[in-house]
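The basis for the numbers below is simple: all heavy atoms, side chains too, and nothing from hydrogens, waters or symmetry mates. Lettering follows sequence order; numbering is per chain, from 1. Bear in mind the structure is a predicted one, so any value in this text is a computation, not a measurement.
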Number of protein chains: 2
Amino acid sequence: MTGGLVAQSSVGPRRLTTQRQLVASALHEAGRTVSAAELFAGLRGNNPRIGRATVFRTLDLLVEIGLAQRFEGDGHVYLYTSCAPIHHHHLVCRVCGGTTDIDDAEVDALIRSVHRRHDFVLDHASLDFYGTCSSCPAAK
Amino acid sequence: MTGGLVAQSSVGPRRLTTQRQLVASALHEAGRTVSAAELFAGLRGNNPRIGRATVFRTLDLLVEIGLAQRFEGDGHVYLYTSCAPIHHHHLVCRVCGGTTDIDDAEVDALIRSVHRRHDFVLDHASLDFYGTCSSCPAAK
DNA sequence: ATCCTAACTGATACTCGGTATCGTTAGCCG
DNA sequence: CGGCTAACGATACCGAGTATCAGTTAGGAT
């Protein structure tokens, strides 16, 4: 693994601040997809001295270095989930916000097939699927 | 086919207004994914008497009756494309905005497989893929 | 240990896509 | 034609995300 909260030459040094640790651990402890606003509200509850902008900035950073993944939420909201810094695909439940990893091979087969048949390069980052997991009522 | 611009009992009568025809034809003539704002700007150029809210309302309506499809744009923007009122999946090029239909069978196989293996009901509406088509430089 | 500097922060103002409201306009059925 | 009411345009509003900026602080240099 090459990244982390403290890194790296080409973009300038990064600093491990308490706010960043707070955001990262809050995201990790959530254990499901959460919105930036949700995370901010939770963090404010415990520690009033953290700014809204900082939460957005830190989430961007976490995504950039691969410690979080960003999803499209329903109403123009970004949702985030903590994840290992290797690429994989997700099933995202629209009801409970839970995520499940998908077998890469399955999806990669589709990607190859699509590429072969349509001359189209899929953007892996967006290959996440949305639906309802079995333990949720089909609310909506 | 059961829907159209003029329909239907259970939700009350719908009216075929000039604005709706304008929006629908503008979307159809675009021949690619467009944002509501883009569509609004184009329509205003030709006909100053059309409201922003009407464009949003009409696009919602078109999606509802199946004459348009909504995609997640990049920065919390909805993108729309005109389409036949039957369900199918798309490849959406992030560079040129073009769309290509995907063979349903291919995707349905993945859906079935995912459902069998993960107890997860995929929401068909969101099964659109984003990437770069072969005729676009990999800008970004 | 302390100093220095630039990365980082919180507060706040802003942008902008989408929605709600409301008085007016105009389909469509009789 | 006349009336009912869906749909309209203008405008105010909302809320997520971004930009700005003066103050703060991590962390390497001394």
Practice task
Starting at CG of A:Leu43, measure out to OG of A:Ser25 and round the result to the nearest 0.5 Å.
Solution key: 7.5 Å
Practice task
Check every strand shown and say whether A:Arg52 touches a base, only sugar-phosphate, or nothing at a heavy-atom separation below 4.0 Å.
Solution key: base
Problem - Separation of atom CZ in B:Phe40 from atom P in D:dT11, rounded to whole Å - result: 12 Å
Problem - Contact nearer the 5' end of DNA chain C, comparing A:Gly51 with B:Ala36 - result: A:Gly51
Fill in the blank from the handout: Rounding to 0.5 Å, atoms CD (B:Gln21) and NE2 (B:His28) come to a distance of 14.0 Å
Practice task
To the nearest Å, give me how far apart CG (A:Leu79) and P (D:dG15) are.
Solution key: 17 Å
Problem - Nearest-0.5 Å distance that lies between atom CZ in A:Arg14 and atom CG in A:Leu61 - result: 5.0 Å
Problem - Distance in Å, A:Ser35 OG paired with A:Tyr78 OH, rounded so as to fall on 0.5 Å steps - result: 13.5 Å
Practice task
Answer yes or no: is there a donor N or O on one side and an acceptor on the other, between the side chain of B:Arg20 and the main chain of B:Arg15, under 3.5 Å?
Solution key: yes
Practice task
Identify whether any heavy atom of B:Arg57 sits under 4.0 Å from a base atom; if not, whether one sits that close to sugar-phosphate; answer base, sugar-phosphate or nothing.
Solution key: base
Problem - Presence of B:Thr17 side-chain N/O under 4.0 Å of D:dA7 phosphate oxygens OP1/OP2 - result: no
Exercise for the section: Describe the nucleic acid contact of A:Ala37 in one word from base, sugar-phosphate, nothing, applying a heavy-atom distance below 4.0 Å. Expected result: nothing
Practice task
Nearest whole angstrom, please: distance from the P of C:dT12 to the CD1 of A:Ile50.
Solution key: 16 Å
Practice task
Whole angstrom is fine here: how far is it from CZ in A:Arg70 over to P in D:dG17?
Solution key: 9 Å
Handout entry: B:Arg14 side chain near D:dT5 phosphate (N/O to OP1/OP2, under 4.0 Å)
Key = no
Practice task
Could you pick out which residue, B:Gln19 or B:Tyr80, lies toward the 5' side of DNA chain C when each is mapped onto its nearest nucleotide?
Solution key: B:Tyr80
Problem - Distance in angstrom units between B:Asp60 CG and C:dA20 P, rounded - result: 10 Å
Practice task
Please report, rounded to the nearest Å, how far the P atom of D:dA26 is from the CZ atom of A:Arg20.
Solution key: 12 Å
Problem - Atom-pair distance (OH on B:Tyr78; P on C:dT19), nearest Å - result: 7 Å
Problem - Closest nucleotide among C:dG27, D:dG17, C:dA6 to the A:Val77 side chain - result: D:dG17
Problem - Nearest-angstrom distance from the residue atom CD of A:Gln21 to P of C:dC8 - result: 13 Å
